[in-house]
Asks: 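Let me begin by handing over the structure; questions about it come next.
What you see is a predicted model, and the numbers here were worked out from it, not measured in a lab.
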Amino acid sequence: MRLPIPRHHIALDRDELRLGVGLAGRGRAPPGSRAAFEIAVARAFGAERAVAVESGRTALCLALQALDLAAGAVVVLPQYCFFSVVGVVEAMGLTPRFAPVDADTFTLDVVALAGALDGAACLVIVHPFGQAASVDRIAAICAEADVPLVEDASQSTGASLEGKSVGSFGAYGVFSLVSGKNLQTFGGGLVVAADPARAARLDVLTRGLQEADEDRARQLLRSSLPRWLLATRVGFAVAGWPGFVLIDALAPARLDQLFHEERRSFDPNERIRRLSDAQGALGLLGLERLDLRNSRRRHSAQRLLDGLGGVPGLALQHPDPRASHTWNAVPVRVADGDGLARRLLRAGVDVRKDYMDHYGAGRAFSEDVIYVPNHTAMTEADIDRVIAAVRAAIA
């Protein structure tokens with residue numbers, strides 16, 4: 001019997017799982033694990049400094065604070081953007097302005113960018129779904145306009161453009177470490193600075209950060225490990241997929257609610273905590289495995305794109321060919337995303353519907369977006385099964 005394919009997977013090998021279980025119990029991480037993780041991240045990403053904090057949103061907040069932006073200053077964001085990025089900008093009393101994106105890449109339209117920077121104090125770009133934007137060209141435009149650049153590379157950890165890591169092109173790079181990302185510590189975020197002067201400013205800003213509550217981190221691990229289990233093939237087959245199919249048959253609106261991202265408010269005045277040593281220890285193991293895992297994602301993504309090419313009514317992404325992408329997901333554009341997602345669910349392929357939003361005047365593109373599974377637990381047979389299921393569902 002073929003097990004259903006989950007859309008989400010939390011990559012933990014035996015050593016990572018052993019460490020996580022031990023830390024969730026009575027074990028203690030080696031003192032200084034968080035600091036060691038920061039040093040390793042800076043080295044791996046070609047940065048002068050890396051700071052690990054409690055969430056991706058607080059990482060973005062720190063990056064924007066480090067720029068000393070005036071109250072109400074204009075921050076340019078992609079028109080197709082994560083709601084959490086917009087939420088942090090608005091919560092900090094800054095004014096978002098939305099720039100066009102290219103529907104083929106889901107990243108900023110480089111040609112239209114210069115005009116969007118007039119009067120702006122900062123540009124925040126997103127490297128969506130594990131695909132690097134053409135950030136060298138974007139950085140050059142920002143330099144010409146004297147507008148600092150912040151890169152949100154939360155889904156593209158380990159991606160690079162012509163050998164240079166994403167997150168190191170702008171003034172600051174930010175990353176999320178929640179489960180399901182290419183590098184994860186069951187929550188947390190990173191701020192990196194490649195320029196020594198920017199790193200010095202980050203050091204000053206973060207001297208007063210509150211140390212992590214290790215008991216709180218232990219509770220976080222205890223609550224996260226069951227989610228890891230449910231995201232495994234067996235866990236999903238037993239406790240996830242049958243329920244999803246039943247809910248879809250009886251109350252499809254309820255299924256939509258289950259997939260809806262919680263939109264929590266952000267308070268920039270709350271004191272920011274550093275990442276815990278327990279999560280830092282997990283991060284060190286994950287960082288050692290990052291390149292291998294990203295390589296597996298790239299291989300699977302290329303097989304998916306090759307297999308789905310030419311399907312009528314299905315538009316694929318065409319990211320910058322100069323970059324080494326990490327393919328956290330493989331997004332496709334289709335007229336009826338809800339219908340395709342439900343047909344695939346019944347076929348044993350769980351996909352995620354779009355959780356980015358369109359901002360500004362109108363939509364960035366007319367089609368719906370769904371995310372085809374692409375994670376390290378998938379085999380080539382799984383990839384081929386996804387391809388066959390998508391083709392059959394659209395036919």
Asks: Roughly how far apart are Leu60 CG and Glu151 CD, rounded to 0.5 Å?
Replies: 12.5 Å
Asks: According to a 4.5 Å side-chain heavy-atom criterion applied to Ile, Leu, Val, Met, Phe, Trp and Tyr, with indirect links allowed, do Met378 and Leu308 form part of one hydrophobic cluster?
Replies: yes
Asks: Compare all side-chain heavy atoms of Val86 with those of Val89 and state whether any distance is below 4.5 angstrom.
Replies: no
Asks: For the backbone of Ala200 and the side chain of Asp203, can you confirm whether one donor and one acceptor N or O come within less than 3.5 Å of each other?
Replies: no
Asks: Donor-acceptor pair, distance only, cut-off 3.5 Å: does the side chain of Glu54 make one with the backbone of Arg274?
Replies: no
Asks: Do the side chains of Asp336 and Lys353 get close enough for a salt bridge, i.e. N-O under 4.0 angstrom?
Replies: no
Asks: Looking at Tyr355 versus Phe82, is the centre-to-centre ring distance below 6.0 Å?
Replies: yes
Asks: Could you grab the distance from atom CG of Asp320 to atom CG of Asp104, nearest 0.5 Å is fine?
Replies: 12.5 Å
Asks: Apply salt bridge (Lys or Arg N to Asp or Glu O under 4.0 Å) to the pair Asp136 and Arg322, showing each step before the final yes or no.
Replies: CA-CA 11 Å; Asp136 56 342; Arg322 302 174 300 146; 2.7 Å; yes
Asks: Taking side chain as C-beta onward, heavy atoms only, is Glu288 less than 4.5 Å from Asp15?
Replies: no
Asks: Would a 4.5 Å heavy-atom cut-off, applied to side chains only, mark Leu209 and Val51 as touching?
Replies: yes
Asks: Closer than 4.0 angstrom, basic N to acidic O: yes or no for Arg57 and Glu270?
Replies: no
Asks: Between Gln302 and Asp306, do the side chains contain a donor N or O and an acceptor N or O under 3.5 Å apart?
Replies: yes
Asks: Would you give the length of the straight line joining atom CD1 of Ile394 to atom CZ of Arg343, rounded to the nearest 0.5 angstrom?
Replies: 7.5 Å
Asks: Charged N to carboxylate O below 4.0 Å: is that the case for Arg28 and Asp277?
Replies: no
Asks: Can you tell which of Arg271, Arg273, Arg34 makes a salt bridge (Lys or Arg N to Asp or Glu O under 4.0 Å) with Glu211?
Replies: Arg34
Asks: Donor-acceptor pair, Arg233 side chain versus Pro4 backbone, under 3.5 Å?
Replies: yes
Asks: Hydrophobic side-chain clustering at under 4.5 Å (ILVMFWY, transitive links): who's grouped with Leu246? Put none if nobody.
Replies: Leu250
Asks: Please check if the number of heavy atoms outside Arg216 that lie under 6.0 Å from its CZ is greater than 12.
Replies: no
Asks: Any donor-acceptor pair under 3.5 Å linking the side-chain atoms of Arg298 with those of Ser295?
Replies: no
Asks: With no hydrogens and no angle check, is any side-chain donor or acceptor of Arg137 less than 3.5 Å from a backbone partner on Val110?
Replies: no
Asks: Provide the closest heavy-atom pair for Pro78 versus Val126 in the form atom of the first, atom of the second, distance.
Replies: CG-N, 4.0 Å
Asks: Can you check whether Phe129 reaches Met356 side chain to side chain, under 4.5 Å on heavy atoms?
Replies: yes
Asks: Is the distance between the ring centroids of Phe365 and His358 under 6.0 Å?
Replies: yes
Asks: Between Gly337 and Ile370, which heavy-atom pair has the shortest distance, and what is it?
Replies: O-CG2, 3.8 Å
Asks: Indicate yes or no for a side-chain donor-acceptor contact from Arg222 to the backbone of Ala24 under 3.5 Å, with no hydrogens or angles considered.
Replies: yes
Asks: Can you tell me if Asp146 has over 12 outside heavy atoms packed within less than 6.0 Å of its CG?
Replies: no
Asks: Test question: given the 4.5 Å side-chain rule for I, L, V, M, F, W and Y, name all other residues clustered with Leu290, or answer none.
Replies: Phe37, Val41, Phe45, Phe175, Leu177, Leu183, Leu190, Val192, Leu275, Leu284, Leu287
Asks: Counting only N and O atoms by type, is there a donor-acceptor contact under 3.5 Å from the side chain of Arg218 to the main-chain atoms of Gly27?
Replies: yes
Asks: Got Leu344 and Val390 here, is their nearest side-chain heavy-atom distance under 4.5 Å?
Replies: yes
Asks: Tell me if a side-chain donor or acceptor on Ser176 pairs with a main-chain N or O of Ser154 at a distance below 3.5 Å.
Replies: no
Asks: CG of Leu282 to OG1 of Thr185: how many Å apart, nearest 0.5 Å?
Replies: 7.0 Å
Asks: For the backbone of Glu380 and the side chain of His299, can you confirm whether one donor and one acceptor N or O come within less than 3.5 Å of each other?
Replies: no
Asks: Checking Ser156 side chain against His127 main chain: does a donor-acceptor pair fall under 3.5 Å?
Replies: yes
Asks: Please report the C-alpha distance between Arg297 and Ser300 in whole Å, then the side-chain angles of each, then the deciding distance to 0.1 Å, and finally whether the side-chain hydrogen bond (donor to acceptor under 3.5 Å, both in side chains) criterion is met.
Replies: CA-CA 5 Å; Arg297 286 181 185 266; Ser300 296; over 6 Å; no
Asks: Check for a donor-acceptor pair, side chain of Asn294 on one end and backbone N or O of Thr157 on the other, with a separation under 3.5 Å.
Replies: yes
Asks: May I ask you to check whether over 12 heavy atoms, not counting those of Glu144, lie within 6.0 Å of atom CD?
Replies: no
